[in-house]
Amino acid sequence: MPKFDLGGRNTLGLRSRARFGGVLKDEGQIVAAAQFAARAGLPFHLLGGGSNCVLAEEIDAVVGIADLRGRRLERIDGGVRITAGAGEPWDELVRWTVGLGIGGLENLAGIPGTAGAAPVQNIGAFGVELSDVVESVDVIDTANWSPRRLTAPDCGFGYRHSRFKDEPGRFFVTGITLYLPAGWSPVLSHDGLRGCAYPSSPVQIMSAVLASRRTRLPDWRVTGNAGSFFHNPVVSAAVAARIPEVPRHAAPGGLKLPAGKLLDLCGFRGQRRGGAAFSGTNALILVNAGGATFEDVDALAASARDAVRSRFGVDLVQEPSRIGS
């Protein structure tokens with residue numbers, strides 16, 4: 001039986017094949033694939049758009065691509081409720097709501113991936129996180145293989161974190177429900193939007209967000225990448241004081257430092273290992289510079305972590321998941 005090709009299903013553009021895999025259209029197919037993996041003694045991975053992962057070249061597992069579609073908008077007292085299947089492309093969902101004149105998601109425009117992957121990562125950008133707008137997440141709970149609806153508090157959201165990361169393999173996301181309150185007001189607190197000349201409507205904010213993303217992030221369809229490769233670390237005031245050349249922002253648990261600046265100071269902007277490289281314009285973005293392998297990416301990321309730890313005493317945490325090794 002031929003292996004399942006994942007080379008065109010990850011935004012880093014890495015060559016990858018799974019021992020078994022397929023595109024899954026409904027909850028029943030997800031359950032069947034996961035139970036097949038269990039019987040075969042293999043791991044099961046459910047992917048969306050492959051935008052937040054680093055895939056090994058050979059993955060000895062069953063890999064399913066969640067392609068549950070459908071989206072719906074319901075106007076209710078005080079706002080709008082939006083439901084979307086896990087396979088709905090996230091950016092298309094944002095553009096759809098903004099195109100209808102509904103505000104609340106415009107700061108999250110341009111993020112690759114699917115609606116189902118969004119709560120796992122608790123995606124965020126330009127001062128807004130998914131947890132700000134999510135009402136509930138529909139899942140299959142493998143504890144009893146039954147559908148379940150988790151409320152936002154049940155999801156354990158944190159900075160680029162959720163319960164789904166704490167309990168890997170326990171839940172498979174099948175859909176999300178968002179609540180966008182009436183009385184929209186723009187969120188312009190992020191540096192990339194301060195001074196924005198067009199704060200009067202969601203579509204204008206979305207345009208500003210997309211323009212800013214184009215200057216900061218390479219288009220993954222042109223240059224393979226997985227977005228920000230490391231979390232911005234949160235450190236104590238004492239640690240931050242030892243690094244005066246790096247800006248910091250208050251965050252739960254301490255002060256948040258920009259990982260890209262730390263990498264810059266360690267000389268990683270444009271640094272290359274095999275086919276993997278850190279972007280020449282943004283040291284936080286690790287790109288496929290041509291023919292990159294899992295090993296290239298892994299080695300370059302490890303050298304970056306080691307350098308930042310050695311120079312600043314700060315541990316960087318990789319944002320994309322490693323799958324297959």
- Remaining members of the apolar cluster that contains F4, side-chain heavy atoms under 4.5 Å: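 Grouped by the 4.5 Å side-chain rule, L6, V23, L47, L55, I59, V63, I65, I323 form the rest of the cluster around F4.
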So, the side chain of [X] versus the backbone of [Y]: is there a donor-acceptor pair under 3.5 Å, distance only?
X    : Y    : value
R269 : T281 : yes
T114 : G87  : no
T11  : R221 : no
Q271 : G267 : yes
N122 : S162 : no
N225 : T223 : yes
S303 : L300 : yes
Q29  : K25  : yes
S228 : F230 : no
N232 : K256 : no

Contact between [X] and [Y] at the side-chain level, heavy atoms closer than 4.5 Å - yes or no?
X    : Y    : value
W90  : I176 : yes
Y159 : P252 : no
D91  : P112 : no
F157 : P119 : yes
F126 : E106 : no
W184 : I102 : no
V98  : V94  : yes
F278 : R272 : no

- Message: For V246, give me all partners under side-chain contact (heavy atoms from CB on, under 4.5 Å), at least two apart in sequence or on another chain.
- Response: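 With sequence neighbours excluded, V246 shows a side-chain contact (heavy atoms from CB on, under 4.5 Å) to I243, L257, P258, K261, L262, L265, given in chain and number order.
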Quick one about [Y] and [X] (side-chain donor to acceptor, distance below 3.5 Å, no hydrogens or angles considered), yes or no?
X    : Y    : answer
S279 : N282 : no
D166 : H161 : yes
Q204 : S207 : no

- Query: Please walk me through it: do V297 and N288 pass side-chain contact (heavy atoms from CB on, under 4.5 Å)?
  - Reply: CA-CA 8 Å; V297 172; N288 185 339; over 6 Å; no
- Candidate list L73, D138, T177, test side chain to side chain contact (heavy atoms under 4.5 Å, CB included), partner T83, passing option: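 Output: one option passes, namely T177.
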Look at [X] together with [Y] and state whether they make a salt bridge at an N to O cut-off of under 4.0 Å.
X    : Y    : value
R170 : D141 : yes
R69  : D67  : yes
D298 : R322 : yes

- Does the pair L316 and H231 meet the rule for a side-chain contact (heavy atoms from CB on, under 4.5 Å), with working shown? CA-CA 7 Å; L316 293 183; H231 293 296; over 6 Å; no
- Only counting residues at least two apart or in another chain, list the ones meeting salt bridge (charged side-chain N to carboxylate O under 4.0 Å, His left out) with R160.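 Residues passing salt bridge (charged side-chain N to carboxylate O under 4.0 Å, His left out) with R160: E129.
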- Task: Quick one: list whatever passes salt bridge (charged side-chain N to carboxylate O under 4.0 Å, His left out) with R81, sequence neighbours left out.
- Result: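 Partners of R81 under the salt bridge (charged side-chain N to carboxylate O under 4.0 Å, His left out) test: E74, E135.
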Separation of [Y] [atom2] from [X] [atom1] (nearest 0.5 Å):
X    : Y    : atom1 : atom2 : result
E58  : F294 : CD    : CZ    : 12.5 Å
L108 : D132 : CG    : CG    : 8.0 Å
L286 : R273 : CG    : CZ    : 11.0 Å
L46  : T174 : CG    : OG1   : 9.5 Å
E27  : W145 : CD    : CH2   : 12.5 Å
D77  : R75  : CG    : CZ    : 12.5 Å

- Run the ring-centre check on F36 versus F44 and record whether the distance is less than 6.0 Å.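 They do not qualify: ring centres at least 6.0 Å apart.
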- Show the numbers, then the answer: is there a salt bridge (Lys or Arg N to Asp or Glu O under 4.0 Å) between D315 and R309? CA-CA 5 Å; D315 288 319; R309 183 185 302 113; 2.6 Å; yes
- Query: Which residues pass the side chain to side chain donor-acceptor pair (under 3.5 Å) test with S236, sequence neighbours left out?
  - Reply: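 Scan of S236 (side chain to side chain donor-acceptor pair (under 3.5 Å), adjacent residues dropped) gives none.
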- Message: Does R149, at its CZ atom, have more than 12 non-hydrogen atoms belonging to other residues, nucleotides or ligands within less than 6.0 Å?
- Response: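 No, CZ of R149 has 12 or fewer neighbouring heavy atoms, counting only those of other groups under 6.0 Å.
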- Task: Could you list all the salt bridge (Lys or Arg N to Asp or Glu O under 4.0 Å) pairs where at least one residue sits in residues 232-251, not counting sequence neighbours?
- Result: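 As it turns out, there is no salt bridge (Lys or Arg N to Asp or Glu O under 4.0 Å) pair with a partner in residues 232-251 once direct neighbours are skipped.
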- Shortest non-hydrogen contact between V234 and A251, atoms and distance: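 What the structure gives for the nearest pair is CG2-CB, 4.3 Å.
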